[in-house]
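Read the structure below first, then the notes.
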2 protein chains.
Amino acid sequence: MREVVVLGVGMHPFGRYLDKGLGDLAEVAVLAALRDANVPAKDIQVAYVGNSIGGLITGQEGIRAQTILGSFGFGGIPMVNVENACCTASTAFRGVWLEIASGLYDVGLAVGVEKMFLEDRARTISALISVSDIRLSKLGMQFVGEAAMRCSRYMRKNGGTKEDLALVAVKNTYNASLNPYAYRNKAYTLEEILGSPLIANPLHLYMTSSIADGAAAAVLCTKEVAERYGGKPPVTIAACALRSGRYREFDPLDSDEVPSTITLTAQDAYAQAGMEPKDIDVAEVHDAMSPIELISCEDLGFCKKGEGIPFLKEGRTKISGDMPINTSGGLCGRGHPIGATGIAQVAEIIWQLRGEAGKRQVANPKVGMCEDSGGVLVDGDNAAFTNIILKR
Amino acid sequence: MREVVVLGVGMHPFGRYLDKGLGDLAEVAVLAALRDANVPAKDIQVAYVGNSIGGLITGQEGIRAQTILGSFGFGGIPMVNVENACCTASTAFRGVWLEIASGLYDVGLAVGVEKMFLEDRARTISALISVSDIRLSKLGMQFVGEAAMRCSRYMRKNGGTKEDLALVAVKNTYNASLNPYAYRNKAYTLEEILGSPLIANPLHLYMTSSIADGAAAAVLCTKEVAERYGGKPPVTIAACALRSGRYREFDPLDSDEVPSTITLTAQDAYAQAGMEPKDIDVAEVHDAMSPIELISCEDLGFCKKGEGIPFLKEGRTKISGDMPINTSGGLCGRGHPIGATGIAQVAEIIWQLRGEAGKRQVANPKVGMCEDSGGVLVDGDNAAFTNIILKR
């Protein structure tokens, strides 16, 4: 396997764009990534497009990549359409990584794009529940309810209050307020968060991610090819791991003996990179429901089991802390256009490693991680898990 | 890149199964492939699931692989959900090939599955048009109309009659009548075919592929690992090529100067395999509308440009001919559950190369090809193209 680098990233700001389609959103992100990489469009040899619910939102199944990228001139090259719930974009990213790592191609494009805001709100909600196992979600057990149960269980076991859990959203909406690509770009106080509507106890509205329209793109290539373009310093993909959820003979959410699939996927990534949790300087962690960030920090090995709340309250996960988490604002702050999120995480880490994160800049990070998990299985775990480690 | 082999294949017979879901169909194909490969399910390290319209048919987007394979016990391993119109299953097959060729995994599973027959016929038709660019298909220009125009243009340029074109369906429905996995398993006479309803001149009903429910699966591994299982002789993947369609500055359908994307994809595959058209002993060729087989035989280099009709009428593409095409019955005879077709082609070629094709067996073939193309782009080519070469 060859070493693969990220040469450029680009985003369409996450937000509400009723007049824009998937092609419009993707075009902005892709052209920004190509400019950032200093790579002409004609040099792209392979492309993966991640999109999760476009089939139900737009009616276009089958050839989403070709219609989206074709709308601004791409064609002829191999294109693969992938889905994987909230790991959709990171799965697209992994696909391009593999095409290049294998030796098949030298330069590729990974795109994640999602359109969620419609005049017809019911259509979005109906499409959104299709990202989890519909046998479960049609019974009314949706993302928020499942996460609320996990949070309640976490507090029962480890102590902590709803106020403690809400502090994740205080941190992340503050970070988002510094991020020009974020949708929810206002720093909310603890009072505002706990004053927002209660969705599923202990989760209030501002502790959950917002639907959004958006796109993110990354240009990947080999180290040798990167030199040819003479652009910004390339960032190496040290690991790219993927797993699916397990059905439960075990109880991954309430046991310290059985590692969660987030932990197993991170272990895959650490092994691939030859690293340990202490080697990670900055991380984007999947916080579709913001308190889950605490549990994931434990699962990723950033702090000990059960110590997520003190880890947060000591300020260690702030931009100025020793283990900054979700400097972008995370899913809760930046917004969560499902099929775009995974590559938006990559973009944030690339900007951090290059020192381009502006007011969100962490002091001199060398290694960053992007963790995603998505979908909920009947009687099981989440459905898809990815873990990407990037280093400069 | 490492050499990858196909160790086992399996299918759920294509047909009309109102009481079966995607999981039921896939389970039969997957368990058959595992038995055929002599590989226990627990040894599968990575899986790709191809499905084209399940989002619109079942309401399940995002995590189709996890819900389908999870319904009979798979979990924990990396799973990728892919779409690519009629190349969906072949794209899934290519994904697993790449995972193993790259060195990342040793044993993998590729699955293609589609559910098309519903009590609600309108839902299937609505989903079906979503496989082409919906900007085109919503204007009424669907697969059949597009193919009919290509056929008319072909006859205007090269001569030939509707009767000549219908002979492809005579051959392929005869082949299908010998195939226990085929849906349309009756040999139709020329009179019956031309007596079937006219859909879009010159195409009559029996010259078009039928919608169907079905699944196909393949177990892939490295050559070394294959020996460990001591099953049937492994078949080597000599090439696995993928392209997307091009928007037209050129006119690929009416020009001998500009090669079609089918030709370009085949050239990729021939180069990868170090082969020429004359090295292919048997081929499955995408004939969603059966006369397109003639044009594709020319594009693949099996006969000269404009000579598809004499090539057919001389009997060269029959099972007993020197270049047997669609011994399975092809899409027209076997049926065309969109997301399953590509791996059904692979299964047929594997059976041919192993001498297991029963009454359809070609005399001692050593190399076989699977060609697919699917989706139609606005003002362009088809959307996705694959070409797989297998050798024993």
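Letters A, B, ... mirror the listed sequences (proteins, then strands); counts begin at 1.
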(message) For the interface with chain A, which of B:Gly375, B:Ser137, B:Gly374, B:Gly70 has the highest count of heavy-atom pairs at distances below 4.5 Å?
(response) B:Gly70
(message) Which one wins on heavy-atom pair count under 4.5 Å against chain A: B:Gly75, B:Pro78, B:Ser244?
(response) B:Ser244
(message) Donor-acceptor check, side chain of A:Gln272 to backbone of A:Ala239, threshold 3.5 angstrom: yes or no?
(response) no
(message) Under 4.0 Å between a side-chain nitrogen and a carboxylate oxygen: does that hold for B:Arg94 and B:Glu99?
(response) no
(request) Check whether A:Val376 gets within reach of chain B through its side chain, its backbone, both or neither, counting any heavy atom under 4.5 Å. (result) backbone
(message) Can you tell me which of A:Asn51, A:Leu104, A:Ile129 forms the most heavy-atom pairs within a distance under 4.5 Å of chain B?
(response) A:Leu104
(message) Checking the side chain of A:Thr265 only, and the main-chain atoms of A:Leu242 only, is there a donor and an acceptor separated by less than 3.5 Å?
(response) no
(request) Could you verify whether a donor N or O on one side chain and an acceptor N or O on the other, from A:Thr386 and A:Ser90, lie under 3.5 Å apart? (result) yes
(message) Between B:Ile53, B:Thr58, B:Thr67, who has the most heavy-atom pairs with chain A when the cutoff is under 4.5 Å?
(response) B:Thr67
(request) Indicate whether the side chain of B:Asp106 and that of B:Thr222 have a donor and an acceptor atom separated by less than 3.5 Å. (result) no
(message) Could you tell me if B:Gln66 and A:Asn84 have a donor-acceptor pair between their side chains, going purely by distance under 3.5 Å?
(response) yes
(request) Identify which of A:Arg243, A:Met79, A:Gln60, A:Arg64 forms the greatest number of heavy-atom pairs closer than 4.5 Å to chain B. (result) A:Gln60
(message) Using side-chain heavy atoms (C-beta onward) and a distance below 4.5 Å, is A:Val131 in contact with B:Ile63?
(response) no
(message) Test of understanding: with ring-ring contact (aromatic ring centres under 6.0 Å, His included), list the residues that count as partners of B:Phe74, not counting sequence neighbours.
(response) B:Phe72
(message) Can you tell me which of B:Ile77, B:Val80, B:Val82 forms the most heavy-atom pairs within a distance under 4.5 Å of chain A?
(response) B:Ile77
(message) My understanding is that only residues two or more places apart in sequence, or in another chain, count here; which of them pass salt bridge (charged side-chain N to carboxylate O under 4.0 Å, His left out) with B:Glu371?
(response) none
(request) Give the member of A:Leu264, A:Ile338, A:Leu98 that has the highest number of heavy-atom pairs under 4.5 Å with chain B. (result) A:Leu98
(request) Measure distances from B:Ala101 to the heavy atoms of chain A and classify the residue's part below 4.5 Å as side chain, backbone, both or neither. (result) neither
(message) Using a strict threshold of under 4.0 Å (side-chain N to carboxylate O), is an ion pair present between A:Asp213 and A:Lys20?
(response) no
(message) For the interface with chain A, which of B:Ala127, B:Gly103, B:Gly76 has the highest count of heavy-atom pairs at distances below 4.5 Å?
(response) B:Gly76
(request) Pick whichever of A:Asp268, A:Thr91, A:Leu56 has the most heavy-atom pairs under 4.5 Å with chain B. (result) A:Leu56
(message) Please classify the contact between A:Arg2 and chain B as side chain, backbone, both or neither, with a heavy-atom cut-off of under 4.5 Å.
(response) neither
(message) Heavy-atom pairs under 4.5 Å with chain A - which of B:Gly73, B:Gly95, B:Ala85 has more of them than the others?
(response) B:Ala85
(message) Is A:Thr88 close to chain B through its backbone or its side chain, or both, or neither, when contacts mean heavy atoms under 4.5 Å?
(response) neither
(message) What part of A:Ser132 gets within 4.5 angstrom of chain B, counting heavy atoms only: side chain, backbone, both, or neither?
(response) backbone
